[in-house]
Structures are given as structure tokens and as C-alpha cells.
Amino acid sequence: MSTALSQAVMTLAVCCMGESRRGWALAMQIEFEAAAAEGRSLRFAIGCLAAAWRELLVREEGRFVLTSYALALGLMIPMAALQIGCALLGLPYLYPGQKGLAGALLEGGTHEALLRGVYQAAVPSLAVLLLLLGVAHLRIAWAMLEHDWSRVTRTGTLMLAGAATLVIFMGALFLDGTQALLQVAVLVVELATVSVVARWHAQLFPAALAEDSVR
Amino acid sequence: MLRKRRPSKQMRLLLEAMSAQRLQWRHGYDLMKETGLSSGTLYPLLMRMTDQGLVEAEWQEPAQPGRPARHAYRLTAEGFALALAMAEGCGDVPSTGALA
């Protein structure tokens with residue numbers, strides 16, 4: 001149990017070390033075996049993890065990694081959850097008053113009989129569009145963390161197209177698009193931030209950028 | 001202008017341990033045991049000192065076949081000079097990080 005735990009902590013420490021400290025991470029991992037042979041593996045591994053975190057904060061490369069993860073965990077994944085939730089739970093946040101599908105179908109409203117059929121036909125397409133946008137948020141987060149900028153660009157373009165379609169679609173149905181517009185605004189901010197992160201990555205690792213452009 | 005600062009207590013310990021056997025290559029775990037520093041203190045210190053040119057590092061072939069190569073460290077001439085200056089009570093190092 002303790003061996004498995006210390007091994008896991010050591011693996012985490014190695015993963016947290018930046019690219020430029022890869023050799024040091026390997027050096028620590030090899031010394032870990034010497035510490036394990038003397039029964040001090042957990043203490044050694046915790047120390048290495050602390051060292052890796054300290055390096056993350058001290059070095060620009062580390063701050064870049066932290067920023068990327070903060071963007072993914074703090075904005076992209078919540079946006080994905082919101083949009084997938086909207087799609088799967090009857091779009092509760094997308095319509096004014098947060099009444100969800102019932103609100104969209106004008107239940108109890110004067111126009112209910114007239115418009116209900118149209119809206120019922122439109123809702124599956126809206127839901128699929130939102131679901132795709134939510135999944136695209138997860139995809140772009142993953143691509144960003146992998147520094148696959150060509151995939152980020154492709155996904156971002158598709159997301160913008162999808163979000164614009166959503167707003168136009170809702171406009172054509174005379175639905176209040178305030179929430180959809182808000183989501184588009186968040187998407188624009190998100191993509192702008194991703195482009196800043198991409199530029200930062202290009203400054204830090206020019207070789208990786210050259211390799212990416214060859215692909 | 002490069003700011004100079006006094007070496008930390010941990011750095012002094014490490015310099016002292018490494019300067020005692022100036023030309024001998026030392027492994028990280030051995031240095032930990034000798035100085036009493038934790039891996040969380042020793043490795044950032046070694047990284048910083050290597051960046052500053054005070055310590056040199058190299059991969060050494062294992063003593064026993066089948067074992068992985070180990071990273072070994074020793075003081076550079078500059079590091080040794082700093083250790084000597086410190087022993088005389090007048091050593092300063094360029095400040096590039098929180099640990100130096």
C-alpha cells in the first residue's frame with residue numbers, strides 16, 4: 001500500500017516537472033529506487049512532488065502549465081458541463097426565466113397552440129447543437145493541454161460556427177437568445193484566451209511550433 | 001545589474017558537503033543523507049546551483065549491470081571558490097531564485 005502510494009506520488013512529481021527539467025525528473029525517479037531500498041520512498045516522493053510544484057511556480061514554463069490547467073478546469077470544463085447539461089436536461093438554462101423546455105414550449109401561454117409544433121420540431125436540433133458545443137469544449141480543452149494547436153484551431157472554428165448557428169436558429173424561432181448570446185460571449189473570451197496561451201507556448205517552445213507547422 | 005545575496009543555510013550545508021570531496025561525483029540520495037536535507041529542498045537547490053554554474057551534473061554508468069544510469073553532481077571551480085569564500089565568511093551568490 002505504502003509502496004504503491006509512494007510510487008504514485010513519485011509518478012505525479014515526474015509528470016509535474018516541466019519539459020526543460022525532464023532530465024532532473026528522471027534523476028529523481030532513479031534516486032527514488034535508492035530511497036525505496038532504505039524504506040524511505042514515501043518521504044522522498046513527497047519531497048520530489050514539493051520540488052516539482054515549487055519549480056512550477058518559479059519557472060515561466062511551470063506558470064504556463066498552471067495557466068493552461070486553470071483555463072481548462074476553470075472555464076472550459078464548466079462550459080462543457082453547462083452545455084451538455086442544457087442539452088440533456090431539456091435546456092433549462094437556455095431560455096428566459098430558466099423554465100426550460102416548458103418555457104420554450106410556451107406552456108400556458110397564448111401562443112402555445114400556434115407555435116408548440118414548430119418548437120417541438122426544433123428542440124432536438126437545438127439540443128444536438130448544444131451537445132456538440134459541449135463536447136467541443138472538452139475536445140478543445142484536451143487539445144490545448146496536449147499543445148495540439150492545429151486541432152485547437154479546427155475545433156475553435158467549428159465551435160464559433162456552431163455557436164453562431166445556435167444564435168441564428170434561436171433568432172429565427174423568435175426565442176429570446178440572451179442566454180445563448182452570453183454563451184457565445186464566453187466562448188469568444190475563451191478562444192481569445194486560448195490564442196494567448198498558444199502564443200505563449202510558441203514563445204516558450206519555438207521548436208514545438210515549427211514541428212506543429214510541419215504536421 | 002545582477003543582485004547578490006547571501007547563500008541560504010541549506011545551500012551552505014550543501015556547499016560544505018560537496019566541497020569536502022571536491023572532485024568526487026555525488027548522487028542525490030547520498031547528498032540527502034549527508035546533509036539531512038529533504039528531496040524537496042535538495043533538488044531545487046541542485047537545479048538552481050547547476051543553472052548558476054556552481055554545480056556540474058552528469059549521467060554516470062551504473063556500478064552494477066542492469067541498473068539504470070544515475071545522475072551525479074560535483075562542484076565546479078566557481079562553486080568550490082564560493083564554498084571557500086563562504087568558509088571565510090564572505091560568499092555571495094547571484095540571485096536567480098528563491099532558494100539560492
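Chain letters run A, B, ... following the sequence lines, proteins first, then strands; residues in each count from 1.
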Atom pair [atom1]/[atom2] of [X] and [Y] - distance to nearest 0.5 Å:
| X | Y | atom1 | atom2 | value |
| --- | --- | --- | --- | --- |
| B:L42 | A:M28 | CG | CE | 8.5 Å |
| A:R59 | B:D51 | CZ | CG | 6.0 Å |
| A:R21 | B:M47 | CZ | CE | 5.5 Å |

Atom of A:E31, atom of B:H71 and distance for their closest heavy-atom approach: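 Between these two residues, the closest heavy atoms are OE2-O, 4.4 Å.
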
Minimum-distance pair of heavy atoms, taken over all atoms of B:Y29 and A:E38: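 Heavy atoms of B:Y29 and A:E38 come nearest at OH-OE1, 3.2 Å.
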
Would you say that more than 12 heavy atoms from the other residues, nucleotides or ligands in this model lie under 6.0 Å from the [atom1] of [X], or not?
| X | atom1 | result |
| --- | --- | --- |
| A:W53 | CH2 | no |
| A:R43 | CZ | no |
| A:E146 | CD | yes |
| A:W200 | CH2 | yes |

Which of B:S39, B:G28, B:S38, B:A72 touches chain A most, by non-hydrogen pairs under 4.5 Å: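 When all of B:S39, B:G28, B:S38, B:A72 are compared, B:S39 has the most.
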
B:M32 side chain reached by A:R40 side chain, heavy atoms, under 4.5 Å: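 A:R40 does not reach B:M32 side chain to side chain.
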
Flag side-chain contact, heavy atom, 4.5 Å: B:P68 against A:Q29: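 Counting from C-beta outward, B:P68 and A:Q29 never come under 4.5 Å.
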
Segment of A:L26 engaging chain B (4.5 angstrom heavy-atom cut-off):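 The answer is both parts of A:L26.
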
Plane angle bin for B:Y43 and A:W24 - parallel if under 30°, tilted between 30 and 60°, otherwise perpendicular: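 Judged by the thresholds at 30° and 60°, the geometry between A:W24 and B:Y43 is perpendicular.
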
